[in-house]
Amino acid sequence: MFDILIIGGGVSSMSCALVLGSAQNKPFVIDKKIGVFTHQKSSSLQDALFNNAYGIIPGKLGSELLSESTEHLNQEYPHITQIPNEKVIKIEGEYPEFLITTNKNTYKTKIIVIGIGSANTFAIEGLTEYIEPHKKALPEKQRIQLKNSDHKVAEGIYVIGTLAGWRSQLAIAAGSGAAVATDILTLWNNGVQTHAHDSIR
């Protein structure tokens, strides 16, 4: 049983995983089992070039960020389980016990975070009832989002990045993933507001 499984290996998902990973020494996180599906084949980063993203050297390729982010997570926070090359196809159950089915395995988790992009090919069974047209994308692009209130789709289910209705900017997607990570940390901290960052002091 995972405490949280993050679906997606792009910007918002990896940002969420990194923030959760960095909180590993907090008393309310020590015993938590965290996993992320790092399926990246359909990520919009595959063709991206970044010249306008804060903290990223101009000319950085999105394809490089994809591989670097999973390695970064592995090196800094190896306690987070990375599940590569599996595509989520079905979600069943309700909080606090969901069953996630991929093309290869099944997993149990208490909380789900979905960050797989806003393409209209979205087809995870159990979540299609929440699909609506993307509110901040051009209609002709036929993008979708999941109905949510401040990233929360339903009890125990969160959506991040462009699938949450945000515009397709790296900084926005990363911030969305980080925001939900701090929401999860606050939940684990019995509702007491919290976040996670390091300091040189």
Novice: Looking at K110 and E97, does any basic side-chain N land under 4.0 Å from a carboxylate oxygen?
Specialist: no
Novice: Please tell me if the side chains of K104 and N85 come closer than 4.5 Å, counting only heavy atoms from C-beta onward.
Specialist: yes
Novice: Between F37 and Y107, does the ring centroid distance fall short of 6.0 Å?
Specialist: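 Ring centroids of F37 and Y107 are less than 6.0 Å from each other.
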Novice: Does a side chain donor of either H134 or W166 reach within less than 3.5 Å of an acceptor in the other side chain?
Specialist: no
Novice: Under a single-linkage definition using a 4.5 Å side-chain heavy-atom cutoff for Ile, Leu, Val, Met, Phe, Trp and Tyr, are Y95 and L20 assigned to the same hydrophobic cluster?
Specialist: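 Looking at the clustering, L20 is in the same group as Y95.
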Novice: If hydrophobic clusters are built from ILVMFWY residues whose side chains come within less than 4.5 Å, do I172 and L66 share one?
Specialist: no
Novice: Minimum heavy-atom separation for K108 and L99, please, with both atom names.
Specialist: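 Smallest interatomic distance, heavy atoms only, reads CG-CD1, 4.1 Å.
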Novice: Could you tell me which non-hydrogen atom of K26 sits nearest to which non-hydrogen atom of H195, and how far apart they are?
Specialist: CE-O, 3.1 Å
Novice: Between S13 and G8, is there a donor-acceptor pair closer than 3.5 Å when you use the side chain of the first and the backbone of the second?
Specialist: yes
Novice: Please name the residue in the list T38, N103, N105, T101 that meets the side chain to side chain donor-acceptor pair (under 3.5 Å) test with E86.
Specialist: N105
Novice: Indicate the atoms forming the closest heavy-atom contact of L163 with I116, along with that distance.
Specialist: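 Heavy atoms only, the tightest pair is CD2-CG1, 4.1 Å.
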Novice: Using a 4.5 Å cut-off on heavy atoms from C-beta on, say whether the side chain of Y77 contacts that of L18.
Specialist: yes
Novice: Do side-chain atoms of K135 reach the backbone of Q145 as a donor and acceptor pair under 3.5 angstrom?
Specialist: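 Side chain of K135 to backbone of Q145, a donor-acceptor pair under 3.5 Å: no, none is there.
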Novice: Applying side chain to side chain contact (heavy atoms under 4.5 Å, CB included), run through I157 and I114 and close with a yes or a no.
Specialist: CA-CA 8 Å; I157 303 177; I114 311 113; 3.5 Å; yes
Novice: Please confirm whether the backbone N or O of A181 pairs with a side-chain atom of D183, one donor and one acceptor, at under 3.5 Å?
Specialist: no
Novice: Looking at N52 and Q169, what are the two nearest heavy atoms and their distance?
Specialist: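 Answer, listing the atom of N52 first, then Q169: ND2-NE2, 4.0 Å.
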Novice: Could you tell me if K147 sits above the aromatic ring of Y130, with its cationic atom closer than 6.0 Å to the ring centre and no more than 45 degrees from the axis?
Specialist: no
Novice: Sort out for me which residue in I83, L5, L73, T81 forms a side-chain contact (heavy atoms from CB on, under 4.5 Å) with V36.
Specialist: L73
Novice: How long is the gap from CD on Q46 to CG on L65, to the nearest 0.5 Å?
Specialist: 11.0 Å
Novice: Side chain to side chain contact (heavy atoms under 4.5 Å, CB included) between K87 and T102: does it pass, once the steps are laid out?
Specialist: CA-CA 5 Å; K87 188 173 183 179; T102 74; 5.9 Å; no
Novice: Begin from the C-alpha positions of S22 and H197 and carry the test side-chain hydrogen bond (donor to acceptor under 3.5 Å, both in side chains) through to its verdict.
Specialist: CA-CA 7 Å; S22 70; H197 56 72; over 6 Å; no
Novice: Measuring from H72:NE2 to S67:OG, what's the distance to the nearest 0.5 Å?
Specialist: 13.0 Å
Novice: Hey, is the main chain of V11 close enough, under 3.5 Å, to the side chain of S15 for a donor-acceptor pair?
Specialist: no
Novice: Hey, quick one: are I91 and I131 part of the same hydrophobic cluster, counting side-chain heavy atoms closer than 4.5 Å, chains of contacts allowed?
Specialist: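 Yes, same cluster.
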Novice: Remaining members of V192's ILVMFWY cluster at a side-chain heavy-atom cut-off under 4.5 Å?
Specialist: none
Novice: Are there more than 12 heavy atoms of other residues, nucleotides or ligands under 6.0 Å from atom CD1 of I57?
Specialist: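 No, because the 6.0 Å sphere around CD1 of I57 holds 12 heavy atoms or fewer from other groups.
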Novice: Quick one: closest heavy-atom pair of F98 and I111, and the distance?
Specialist: CD1-N, 4.5 Å
Novice: Any chance you could measure E94, atom CD, to E92, atom CD, to the nearest 0.5 Å?
Specialist: 12.0 Å
Novice: Looking only at heavy atoms, which two atoms of H151 and A179 are closest? And how far apart?
Specialist: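 Closest heavy-atom pair between H151 and A179: CE1-CB, 4.4 Å.
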Novice: Would you find a donor on one side and an acceptor on the other, under 3.5 Å apart, between the side chain of N51 and the backbone of G59?
Specialist: yes
Novice: Could you walk me through whether V29 and W188 pass side chain to side chain contact (heavy atoms under 4.5 Å, CB included), step by step?
Specialist: CA-CA 7 Å; V29 181; W188 288 344; 4.1 Å; yes
Novice: Given the rule in the side chain to side chain contact (heavy atoms under 4.5 Å, CB included) test, do I112 and I100 qualify, once you have shown the distances and angles that lead to the verdict?
Specialist: CA-CA 9 Å; I112 298 170; I100 294 181; 4.0 Å; yes
Novice: Quick check for you: to the nearest 0.5 Å, what is the distance between F122 atom CZ and R143 atom CZ?
Specialist: 14.0 Å
Novice: Roughly how far, to the nearest 0.5 Å, is CD1 of I56 from CZ of F50?
Specialist: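 Answer rounded to 0.5 Å: 6.0 Å.
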Novice: Give a yes or no answer on whether the side chain of D3 reaches the backbone of K33 with a donor-acceptor pair at less than 3.5 Å.
Specialist: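 Checking the backbone N and O of K33 against the side chain of D3, a donor-acceptor pair under 3.5 Å is found.
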Novice: Hey, what do you get for CD1 (I160) to CG (N148), rounding to the nearest 0.5 Å?
Specialist: 11.5 Å
Novice: If you link I, L, V, M, F, W and Y whenever their side-chain heavy atoms are under 4.5 Å apart, who else ends up in the same group as L61?
Specialist: L49
Novice: Are the side chain of S176 and the backbone N or O of G161 linked by a donor-acceptor pair below 3.5 Å?
Specialist: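 It does hold such a pair.
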Novice: Does K136 reach the main-chain N or O of T162 with its side chain, forming a donor-acceptor pair under 3.5 Å?
Specialist: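 It does not hold such a pair.
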